[in-house]
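What follows is one structure encoded as structure tokens, with my remarks underneath.
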Amino acid sequence: MIDPQLLRDSPDLVRRSQDARGDSVSLVDQAIEADARRRSTIGAFEALRAEQNAFGKTVASAPKDEKQALVAKAQELAARVKAAQQVAADADGEFTKLVGAIANPIIDGVPSGGEDNFVTLREVGQKREFDFEPRDHADLGELLGAIDIARGVKVSGSRFYFLKGVGARLEIALMNMALDRALAENFVPLITPTLVRPEIMAGTGFLGEHADEIYYLPADDLYLTGTSEVALAGFHSDEIIDLAAAGGSLRYAGWSTCYRREAGSAGRDNRGILRVHQFNKLEMFSYVLPEDAEAEHLRLVSYQEAMLQACGLAYRVIDVAAGDLGSSAARKYDIEAWVPTQGTYRELTSTSNCTTYQARRLDIRYRTESGKTAPVATLNGTLATTRWIVAILETHQNADGSVTVPQALRPYLGGLERFEPIA
RNA sequence: GGAGACGUCGCAUAGUUCGGCCUAGUGCACCACCCUGCUAAGGUGGAGAGGGGUUUAAACUCCUCCGAGGGUUCAAAUCCCUCCGUCUCCGCCA
């Protein structure tokens with residue numbers, strides 16, 4: 001949810017953001033109007049209520065013989081209060097609905113437009129060239145006994161797989177390397193719930209545009225999370241957190257399995273494990289002071305880049321365009337790694353600065369120096385996922401089908417230097 | 001899954017019997033000052049959250065919040081319903 005004060009003070013800023021995202025601009029004016037109506041109806045109700053409260057005392061202390069008449073008058077007053085309360089509640093509901101539909105105002109510099117209007121900030125690393133015909137990760141996975149798609153499909157259906165042998169070990173190694181790096185930056189590790197209540201799912205904004213992406217268990221009214229961001233954001237919901245005592249920020253590294261229905265992407269990336277229903281992820285999540293959010297965002301990107309570099313991957317960092325941002329994000333950087341057999345970059349990480357938008361909805365606050373409460377800023381970013389295996393296998397493959405393990409990962413694989421094809 | 005107990009403004013509690021004197025009391029912790037002086041004790045005062053009005057701001061003022069949401073009533077922490085959660089015991093199962 002955006003700051004209602006911003007709507008009153010700087011409506012143009014909100015209008016510009018809506019326009020850049022390709023969202024409704026008139027929604028802003030509807031919300032402003034609803035805000036005015038809300039406040040006037042609340043005022044009317046509260047005045048009546050004050051009258052009722054005062055009159056109630058008169059009734060309570062009145063002598064018995066006068067009570068009858070007073071109660072009759074109180075009944076009439078109560079009816080008016082009830083009506084005014086309903087009007088105020090309706091106006092408040094309408095305002096909440098409209099203001100809730102407005103996405104987080106983008107940060108200056110975010111490119112306008114849709115999916116294709118991103119700006120490439122930098123390209124890093126050498127794209128791998130081959131003097132042989134490179135295999136794609138699905139072939140390599142089979143050759144190495146690392147990925148078993150067929151059996152995944154047999155057991156669970158399309159877009160499921162088994163990681164096996166060095167494949168399973170590689171994923172655990174990636175997660176452990178990511179965790180070690182997160183620990184070095186003072187992230188607190190968390191293994192998070194992957195089933196969450198509706199209000200937490202809604203609070204993180206995933207029930208809106210992503211609703212059909214999410215697995216839902218009707219028997220228990222619980223949602224399976226597509227990222228630990230949901231639980232990490234919910235972790236401090238309804239809390240006033242002490243950022244000062246924590247050194248200005250609270251950082252968590254959440255590990256979890258992630259579940260995605262991939263509705264609407266039928267036919268896309270069907271081969272291999274690029275787009276799957278279930279994978280694992282180590283996610284960084286930061287709670288910071290609003291004024292520190294942009295600096296924290298750049299730090300998260302730098303940790304991601306360091307991870308990709310350690311894995312010997314070529315990549316580009318892109319500034320995602322406004323129309324391709326989630327409603328909670330004010331800016332998002334994606335890092336895409338070069339996938340040789342596809343001849344293109346594919347997203348391996350994403351990091352969003354949600355400013356105070358997500359925190360306002362989840363009611364996560366801190367205390368300012370003057371002692372008042374104010375919403376914190378939240379940020380999230382990927383540090384490792386199962387998908388990285390795709391780029392790592394393809395990038396470091398050799399002509400005989402073996403794969404050279406990047407130096408940085410070897411300590412996490414018992415010193416293993418190469419994955420060799422199984423017989 | 002069954003039975004029972006419970007949920008009060010940081011923590012701990014009073015209040016629920018029998019609706020109005022609750023504008024939710026008290027203790028601890030906290031903050032400021034005072035006294036005293038040696039790591040403590042005492043004294044005075046302050047202090048919850050959200051939302052209106054007003055204001056440069058402060059101050060002031062009103063409304064709401066007793067797990068959540070409904071209901072009854074002129075009036076609900078208190079009565080009724082639903083849900084959520086915690087604890088104890090029993091059952092079942094990794």
Side-chain angles (χ1 to χ4, degrees), chain A residues 1-10 31-100 191 193-203 207 216-223 230-231 234-246 250 257 290 356-376:
Chain A
M1 188 177 137
I2 66 165
D3 183 357
Q5 198 63 44
L6 191 69
L7 205 56
R8 291 168 211 159
D9 298 345
S10 318
I32 290 171
E33 206 180 299
D35 182 38
R37 201 158 51 239
R38 164 181 164 271
R39 286 190 287 164
S40 70
T41 55
I42 285 176
F45 157 66
E46 288 184 352
L48 272 172
R49 173 71 92 189
E51 197 183 325
Q52 184 189 29
N53 285 344
F55 195 73
K57 301 223 189 310
T58 315
V59 176
S61 59
K64 259 207 176 94
D65 54 330
E66 289 175 26
K67 227 163 196 166
Q68 201 71 17
L70 288 171
V71 165
K73 191 178 171 202
Q75 280 171 336
E76 185 267 330
L77 184 56
R80 280 198 290 145
V81 169
K82 197 162 188 175
Q85 183 171 29
Q86 191 56 51
V87 169
D90 289 347
D92 188 56
E94 181 67 9
F95 170 71
T96 304
K97 199 181 102 201
L98 289 169
V99 81
I191 296 176
T194 55
L195 287 166
V196 301
R197 300 168 172 289
E199 58 265 32
I200 296 294
M201 204 48 128
L207 282 188
Y216 173 60
L217 279 64
D220 300 283
D221 196 20
L222 290 171
Y223 291 90
V230 176
F235 191 67
H236 284 302
S237 62
D238 292 320
E239 291 182 23
I240 299 172
I241 56 177
D242 193 345
L243 281 182
L250 279 170
T257 301
T356 59
Y357 191 88
Q358 195 174 53
R360 194 169 279 110
R361 186 153 46 183
L362 288 166
D363 195 21
I364 308 167
R365 293 160 293 163
Y366 72 103
R367 234 170 252 290
T368 64
E369 280 180 34
S370 64
K372 291 212 187 305
T373 60
V376 302

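Note that the structure is predicted; figures quoted are calculated from it, not measured. Each chain gets a letter, A, B and so on, in the order its sequence line appears, and its residues count up from 1.
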Q) side-chain contact (heavy atoms from CB on, under 4.5 Å) with A:Ile241: which residues, sequence neighbours excluded? A)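 Testing A:Ile241 for side-chain contact (heavy atoms from CB on, under 4.5 Å), a comparison that skips the adjacent residues, returns A:His236, A:Glu239, A:Leu243, A:Leu250, A:Tyr287, A:Ile364, A:Val376.
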Q. Residues in side-chain contact (heavy atoms from CB on, under 4.5 Å) with A:Leu98, at least two apart?
A.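 A:Leu98: side-chain contact (heavy atoms from CB on, under 4.5 Å) contacts with A:Leu27, A:Gln30, A:Ala31, A:Ala34, A:Glu94.
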Just name whichever nucleotide pairs with [N], Watson-Crick or G-U, keeping both distances under 3.5 Å, else none.
N: B:C74; answer: B:G20
N: B:A59; answer: none
N: B:C65; answer: B:G48

I'd like the [atom1] distance from [M] over to [N], given in whole Å.
N: B:U64; M: B:G4; atom1: C1'; value: 35 Å
N: B:A59; M: B:U54; atom1: C1'; value: 11 Å
N: B:C63; M: B:G27; atom1: P; value: 27 Å
N: B:U72; M: B:C60; atom1: P; value: 38 Å

Q.
With heavy-atom distances below 4.5 Å as the criterion, would you say the side chains of A:Asp35 and A:Val99 are in contact?
A.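 Heavy-atom side-chain distance check fails, nothing below 4.5 Å.
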Q | Phosphate contact (B:G20 OP1 or OP2) by A:Asn53 side-chain N/O below 4.0 Å | A |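 No, outside the criterion.
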**Q.** Distance in angstrom units between A:Asp238 CG and B:C65 P, rounded
**A.**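 Rounded to the whole Å, the gap is 18 Å.
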Counterpart residues, side-chain hydrogen bond (donor to acceptor under 3.5 Å, both in side chains), relative to [X] (two or more places apart):
X: A:Arg80; answer: A:Glu76
X: A:Ser40; answer: none
X: A:Glu51; answer: none

Q. A:Arg49: what forms a salt bridge (Lys or Arg N to Asp or Glu O under 4.0 Å) with it, not counting sequence neighbours?
A.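 A:Arg49 satisfies salt bridge (Lys or Arg N to Asp or Glu O under 4.0 Å) with no other residue.
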Q) Mind checking what makes salt bridge (Lys or Arg N to Asp or Glu O under 4.0 Å) contact with A:Arg365, not counting sequence neighbours? A)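 A:Arg365: salt bridge (Lys or Arg N to Asp or Glu O under 4.0 Å) contacts with A:Asp363.
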Could you list, one pair per line, each protein nitrogen or oxygen that sits under 3.5 Å from a nitrogen or oxygen of nucleotides 56-61 of chain B, together with the distance?
none

Q. Looking across every strand, which nucleic acid part, if any, lies under 4.0 Å from A:Arg367 by heavy atom: base, sugar-phosphate, or nothing?
A.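 Sugar-phosphate only.
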Q: Spell out protein contact along nucleotides 71-85 of chain B as letters: B when the base is contacted, S when just the sugar-phosphate is, - when no protein heavy atom is under 4.0 Å; keep the 5' to 3' order.
A: -S-BS--------SS
Q) Which nucleotides of nucleotides 50-55 of chain B have their base under 4.0 Å from a protein heavy atom (B), which only their sugar-phosphate (S), and which neither (-), written as one string 5' to 3'? A) SBSS--
Q | A:Phe235: ring pair (Phe, Tyr, Trp, His ring centres under 6.0 Å) partners, not counting sequence neighbours | A |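 Once residues adjacent in sequence are excluded, the partners of A:Phe235 under the ring pair (Phe, Tyr, Trp, His ring centres under 6.0 Å) criterion are A:Tyr252.
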Q: Go through the structure and list residues passing ring pair (Phe, Tyr, Trp, His ring centres under 6.0 Å) with A:Tyr223, not counting sequence neighbours.
A: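 Here the qualifying residues are A:Tyr216.
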Q: State, without any angle test, whether A:Gln358 and A:Arg361 hold a side-chain donor-acceptor pair at a distance under 3.5 Å.
A: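 Checked: A:Gln358/A:Arg361 side chains show no N/O donor-acceptor pair below 3.5 Å.
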